[in-house]
S.K.: 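Can you read through this structure? Questions will come right after.
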Protein chains: 2
Amino acid sequence: MTPHTEELAISEVAERTGLTVHTLRYYERAGLMLAPIQRASSRHRTYTAADLTWITFLTKLRSTGLPISQVRAYADLARLGDETRADRLELLQRHRITVVAQLAEMQASLAAIDYKISLYARKDTPA
Amino acid sequence: MTPHTEELAISEVAERTGLTVHTLRYYERAGLMLAPIQRASSRHRTYTAADLTWITFLTKLRSTGLPISQVRAYADLARLGDETRADRLELLQRHRITVVAQLAEMQASLAAIDYKISLYARKDTPA
DNA sequence: CTAGAACTTCGAGCGCGCTCGAAGTCAAGC
DNA sequence: GCTTGACTTCGAGCGCGCTCGAAGTTCTAG
């Protein structure tokens with residue numbers, strides 16, 4: 001329980017993000033971190049608030065289906081600095097399109113499921 | 001090109017459902033079909049309109065993330081007849097809950113992505 | 001000094017959902 | 001009769017995203 005140091009142990013990050021410590025280490029190995037995660041004298045990882053912010057955002061990318069390879073591409077660009085802003089924006093905008101499409105498809109599928117449920121709800125007609 | 005016989009070749013079903021012929025055979029092997037797919041004298045599969053309807057619905061279950069094991073469970077129940085109506089309804093209702101939750105999560109993630117995009121769109125502030 | 005918990009690295013393994021290739025069969029057209 | 005092409009079965013393989021276990025280190029408390 002690090003008191004108020006702003007630095008978080010990996011277990012604390014896991015708790016706050018809903019990821020496992022295994023996944024956090026995996027993400028780091030996979031090159032998804034924006035900046036190298038700093039280490040304490042014990043060689044333990046110490047996450048900053050900025051790290052946590054990024055991890056939170058990356059889980060949103062992941063939960064909308066952006067492949068890890070694309071998240072890495074985004075992180076790679078971000079590490080290169082301001083010059084890549086346009087590329088990062090484009091990546092996000094392209095992803096946005098696919099997310100919107102996914103939402104539409106899910107909603108359509110949900111409607112079909114709801115319709116089926118409504119058929120079951122009428123005791124008479126078999127579904 | 002089967003003229004108007006109501007019976008469809010696997011390639012035609014693939015075209016209409018967006019699945020591949022490989023996937024269609026895989027689904028059958030996996031026990032996802034409601035009724036056995038009939039065969040022509042050539043041993044080729046011949047799908048009926050009812051088969052197509054079911055396959056269309058099952059892709060909606062799949063596209064909303066219902067695992068194949070659950071689709072099979074549903075199909076198994078359906079094959080058992082009317083007595084299992086309540087179970088099938090419950091399965092769909094349970095799935096519905098998770099779909100709604102997924103939609104909410106995706107929408108929240110989309111909002112975060114949109115916010116990030118809006119930051120990029122302001123030329124000044126770096127994102 | 002010792003025990004225990006929390007961390008470390010590394011590489012292997014796994015579950016899911018397809019995806020594919022090999023080898024064979026069948027019907028239709030030339 | 002022969003070729004072409006769409007189909008068949010079967011089992012192996014694969015890509016993704018973790019997930020896990022082994023073996024070792026370090027800090028903290030008792």
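All chains are named by letter (A, B, ...) in the order of the sequence lines, taking the proteins before the strands, and each is independently numbered beginning at 1.
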S.K.: With rounding to the nearest 0.5 angstrom, report the CD1 to CH2 distance, B:Ile37 to B:Trp54.
M.R.: 11.5 Å
S.K.: Regarding B:Thr56 and B:Thr53, is there a side-chain donor-to-acceptor distance under 3.5 Å anywhere?
M.R.: no
S.K.: Classify the angle between the aromatic ring planes of B:Tyr74 and A:Tyr120 as parallel (below 30°), tilted (30 to 60°) or perpendicular (above 60°).
M.R.: perpendicular
S.K.: Any side-chain N or O of A:Arg45 below 4.0 angstrom from OP1/OP2 of C:dT8?
M.R.: yes
S.K.: Should the pair A:Arg79-A:Asp76 be classified as a salt bridge under the 4.0 Å nitrogen-to-oxygen rule?
M.R.: yes
S.K.: Rounded to the Å, how far apart are B:Glu28 CD and C:dG17 P?
M.R.: 18 Å
S.K.: Return the 5'-most residue of the pair B:Pro67, B:Ser42 with respect to DNA chain C, ranking by each residue's nearest nucleotide.
M.R.: B:Pro67
S.K.: Do A:Asp51 and A:Thr48 have side-chain atoms, one donor and one acceptor, less than 3.5 Å apart?
M.R.: yes
S.K.: What integer distance in Å separates A:Gln70:CD from D:dG15:C1'?
M.R.: 15 Å
S.K.: Would you say a side-chain N or O of B:Ser11 is under 4.0 Å from OP1 or OP2 of D:dC7?
M.R.: yes
S.K.: Hey, which of these two, A:Tyr26 or B:Arg39, hits DNA chain D nearer its 5' end, going by closest nucleotide?
M.R.: B:Arg39
S.K.: Rounded off to whole Å, could you give me the CD1-to-C1' distance for the A:Ile68 and D:dT19 pair?
M.R.: 13 Å
S.K.: Where each residue is assigned the nucleotide of DNA chain D containing its nearest heavy atom, which of A:Ser41 and A:Tyr27 is assigned the position nearer the 5′ end?
M.R.: A:Tyr27
S.K.: Whole Å only: how far is the NE2 atom of B:His22 from the C1' atom of D:dC10?
M.R.: 13 Å
S.K.: Counting only side-chain nitrogens and oxygens, does A:Arg29 get under 4.0 Å of the OP1 or OP2 atom of D:dT19?
M.R.: no
S.K.: Quickly work out the A:Arg62 CZ to D:dG17 C1' distance and round it to whole Å.
M.R.: 7 Å
S.K.: Using atom CD of A:Glu7 as one end and atom P of C:dC7 as the other, report the distance to the nearest whole Å.
M.R.: 14 Å
S.K.: For B:Gly65 and for B:His44, find the nucleotide of DNA chain C with the closest heavy atom, then tell me which residue's nucleotide is more 5'.
M.R.: B:Gly65
S.K.: Measure from the side-chain heavy atoms of A:Ile10 and tell me the nearest of C:dT8, D:dC7, C:dG17.
M.R.: C:dT8
S.K.: Please give, in whole Å, the distance from C:dG17 P to B:Leu19 CG?
M.R.: 14 Å
S.K.: Has A:Arg25 got a side-chain N or O lying under 4.0 Å from the OP1 or OP2 atom of C:dT8?
M.R.: yes
S.K.: Separation of B:Leu24 atom CG from D:dA6 atom P, in whole Å?
M.R.: 16 Å
